[in-house]
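Input: a single structure, listed below in C-alpha cells.
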2 protein chains.
Amino acid sequence: MTTKERILTAALKLFNRDGVERITTRHIAADLGMSQGNLHYHYPNKNEVILALLQRFFDDLKSAQRYEGGLFDKEEMLLSMQNNFRIMHDYRFFFLEDKVVWRRLPEVKKQLLEYFDITRGRINQVIEGYKHHDLFRAEVSPYQLEFLLDQFLFSITSWLHAVDYLPIQTDPSAYFAKYTFSIWLPYLKPDEAEDWEEILISTG
Amino acid sequence: MTTKERILTAALKLFNRDGVERITTRHIAADLGMSQGNLHYHYPNKNEVILALLQRFFDDLKSAQRYEGGLFDKEEMLLSMQNNFRIMHDYRFFFLEDKVVWRRLPEVKKQLLEYFDITRGRINQVIEGYKHHDLFRAEVSPYQLEFLLDQFLFSITSWLHAVDYLPIQTDPSAYFAKYTFSIWLPYLKPDEAEDWEEILISTG
DNA sequence: GTCTATACAGCGATAGAC
DNA sequence: GTCTATCGCTGTATAGAC
C-alpha cells in the first residue's frame with residue numbers, strides 16, 4: 001500500500017469515528033506514526049484528503065457493480081443494493097455529516113446529488129416497468145403511486161441517519177436493503193408481493 | 001426579550017445557517033453587537049447555549065401540543081404532525097447535525113431518543129387501533145405490517161436530512177407531514193385509504 | 001450587566017534540514 | 001519522502017475595570 005493510500009485509510013477510519021471537523025491533519029498523521037509535515041507533502045490540505053476519499057468511494061461503487069441483470073431479477077437487485085449500502089456504510093461520514101462536508105466543499109454535494117439522480121432514474125425505470133407489466137394493484141391511486149419514487153429515494157439517501165433512531169439488531173446495510181424493498185410490497189399485486197416477500201425473507 | 005433569550009435566538013439562527021462547529025461564541029456575540037465577555041457572563045460556555053436551545057425546543061413542542069383528539073380524528077393528526085415538523089424545522093441543526101451535536105453532548109442524544117421513543121409508542125397505539133378495528137387490508141402479511149412502524153419512525157426522525165435529496169417545491173414541513181401519512185395508504189382497506197387520501201389532498 | 005484585555009490551546013500550512 | 005520547527009490565526013474561557 002502506498003503512503004497516499006495509507007493516509008486515506010487512516011483518515012476514513014478517523015472521520016467515521018470522530019467526525020470530519022474534529023479530526024485534524026495532526027490526528028491523521030499521529031495515527032500513522034507519521035509527521036504532520038509529511039502528510040502535507042502528500043496532500044496539501046485536509047480538503048484534498050476528503051476529495052480523494054470521495055473519489056475512492058465512487059471507484060469502490062463502480063468496481064462493485066457487476067453486469068446489470070435484467071430489471072426483473074429480484075435476487076440480483078436486492079444483493080446489488082446491499083452491496084451499495086455496504087460501501088456507503090464504509091464511507092458513512094459523507095452521509096452522516098453531509099451538511100458539514102458540503103459546507104466545506106460544495107463540490108461534494110454536487111457529485112453526490114448527481115450520483116443519486118442516476119439512481120433515481122434507475123428506480124424510476126423499474127417502477128415504469130412494473131406499471132407496464134401491470135404488476136401494481138388496481139386499487140392503488142395515482143396519488144399514492146406518486147409517492148413511491150420519493151419513498152425509495154428517501155430510504156436510499158437517508159437510511160444511515162436512521163440507524164441510531166431505529167432498534168436495529170443486525171447489520172444495518174442488510175437491514176435497510178431489505179427495508180427499502182419492503183416499501184413497495186403493499187403496492188404490488190398479491191402474487192408479485194408474495195414473490196418478493198419470499199426473496200426478502202430467504203436472502204442475506 | 002431578555003438578553004439570555006436574545007442570545008438563544010441569535011445562536012439558533014447562526015447554528016442553522018452555518019453549523020454548530022463553525023459558529024463560535026465570538027460570532028454569536030458579534031451578531032448581537034455584544035462583547036464576547038458579556039455572552040460568557042450569561043452562558044458560561046457554548047455547550048450551555050446548546051443545552052438551553054434543546055430545552056426551548058422541548059418547551060415549544062409542549063406548548064404547541066393541543067389536547068389530544070381521539071386517535072381517529074385524521075385531520076387533527078395531520079395538523080398536529082405538521083406542527084411538530086415545523087418546530088423541528090425551526091431547530092433543524094439538532095437533526096441535520098445530530099451526530100456532531102451528540103459527540104459534544106451525549107445528553108442531547110439521550111433526550112432526543114427518549115422523545116422519539118414516546119412518539120414511537122403513540123404511533124404504535126394508532127397501528128394497534130387500526131388492527132383492532134380491522135382497517136388494514138386482509139392481504140397484508142404480518143411480515144409487511146412489521147415494517148410499518150419502522151417506516152413511520154424513519155420518516156419522522158430523518159425527514160429533514162432528505163430535504164436536500166428530494167425535489168421538493170413547497171414547504172418541507174407540510175410536504176413531509178403528508179408524506180408520512182401517505183406511507184400507510186397502501187396498507188389500508190380501500191374505504192379507509194380513500195378517506196385518508198381526501199384529507200391529504202385537501203388539507204394544508 | 002457590559003466592556004476590554006489577555007491567557008492558553010489547537011489548527012492549517014510552510015520552510016528548511018536530512 | 002520524511003522529519004523538526006515555527007508562524008499566524010482562531011477558538012474558549014477568564015480577569016478585572018466600569
Side-chain angles (χ1 to χ4, degrees), chain A residues 1-56 93-94 96-97 99-108, chain B residues 1-56 93-94 96-97 99-108:
Chain A
M1 195 147 63
T2 69
T3 307
K4 288 187 76 134
E5 279 163 348
R6 290 201 312 128
I7 291 172
L8 291 186
T9 303
L12 181 57
K13 179 185 75 180
L14 296 176
F15 287 162
N16 280 338
R17 200 186 63 194
D18 300 332
V20 230
E21 301 269 30
R22 276 171 108 95
I23 291 300
T24 69
T25 50
R26 280 202 215 302
H27 291 126
I28 302 169
D31 188 77
L32 291 163
M34 167 192 294
S35 73
Q36 192 203 6
N38 190 21
L39 190 147
H40 275 92
Y41 168 79
H42 290 285
Y43 292 100
N45 56 54
K46 193 168 136 182
N47 280 348
E48 291 304 315
V49 176
I50 296 172
L51 286 174
L53 279 173
L54 183 68
Q55 197 48 57
R56 225 182 60 171
F93 82 93
F94 275 121
L96 290 176
E97 305 189 73
K99 305 301 179 285
V100 176
V101 178
W102 295 358
R103 246 182 320 252
R104 294 181 70 100
L105 290 161
E107 178 64 19
V108 175
Chain B
M1 197 148 60
T2 69
T3 307
K4 288 188 76 132
E5 279 163 348
R6 291 201 312 127
I7 292 172
L8 291 187
T9 303
L12 181 58
K13 180 185 73 180
L14 297 176
F15 287 163
N16 280 338
R17 201 185 63 193
D18 300 331
V20 230
E21 302 269 30
R22 275 171 110 94
I23 291 299
T24 70
T25 51
R26 275 200 221 291
H27 290 126
I28 302 168
D31 188 78
L32 290 163
M34 165 192 296
S35 73
Q36 193 202 4
N38 190 21
L39 190 146
H40 275 92
Y41 168 79
H42 291 285
Y43 293 99
N45 56 53
K46 194 168 136 183
N47 280 348
E48 291 304 316
V49 176
I50 296 172
L51 286 175
L53 279 173
L54 183 68
Q55 196 49 55
R56 225 182 61 170
F93 81 93
F94 275 121
L96 290 176
E97 305 190 73
K99 304 302 179 284
V100 176
V101 178
W102 296 358
R103 236 171 340 238
R104 294 181 70 101
L105 291 160
E107 179 63 18
V108 175

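Labels below follow one simple rule: chain letters A, B, ... track the order of the sequence lines, proteins then strands, and each chain is numbered from 1.
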Salt bridge (Lys or Arg N to Asp or Glu O under 4.0 Å) against A/Arg26, all qualifying residues, sequence neighbours excluded = none

Boundaries of the DNA chain D segment in contact with chain A, non-hydrogen, under 4.0 Å = D/dG1 to D/dT4

task = With rounding to the nearest 0.5 Å, note down the distance linking CD1 in B/Ile28 to OH in B/Tyr43.
result = 10.5 Å

Nearest non-hydrogen partners of B/Met34 and B/Thr3, listed with the distance = CE-CG2, 3.5 Å

SB check B/Glu5 B/Arg56 (cutoff 4.0 Å) = no

message = Under the criterion side-chain contact (heavy atoms from CB on, under 4.5 Å), I'd like the reasoning laid out for B/Asn45 against B/Glu48: C-alpha separation, chi angles, the key distance, then a yes or no.
response = CA-CA 6 Å; B/Asn45 56 53; B/Glu48 291 304 316; 3.5 Å; yes

message = Nearest whole Å is fine: how far is C/dG10 P from B/Arg26 CZ?
response = 16 Å

request  = Evaluate side-chain contact (heavy atoms from CB on, under 4.5 Å) for B/Asp18 paired with B/His27, printing each intermediate quantity in order.
outcome  = CA-CA 11 Å; B/Asp18 300 331; B/His27 290 126; over 6 Å; no

inquiry  = Between B/Arg103 and A/Glu97 (salt bridge meaning N to carboxylate O under 4.0 Å), is one present in this structure?
reply    = yes

task = With a 4.0 Å heavy-atom cut-off, tell me which residues in residues 33-46 of chain B come close to DNA chain C, sorted by residue number.
result = B/Gly33, B/Met34, B/Ser35, B/Gly37, B/Asn38, B/Tyr41, B/His42

ask   = Which pair of heavy atoms, one from B/Ile50 and one from B/Phe94, lies closest together, and at what distance?
value = O-CZ, 3.5 Å

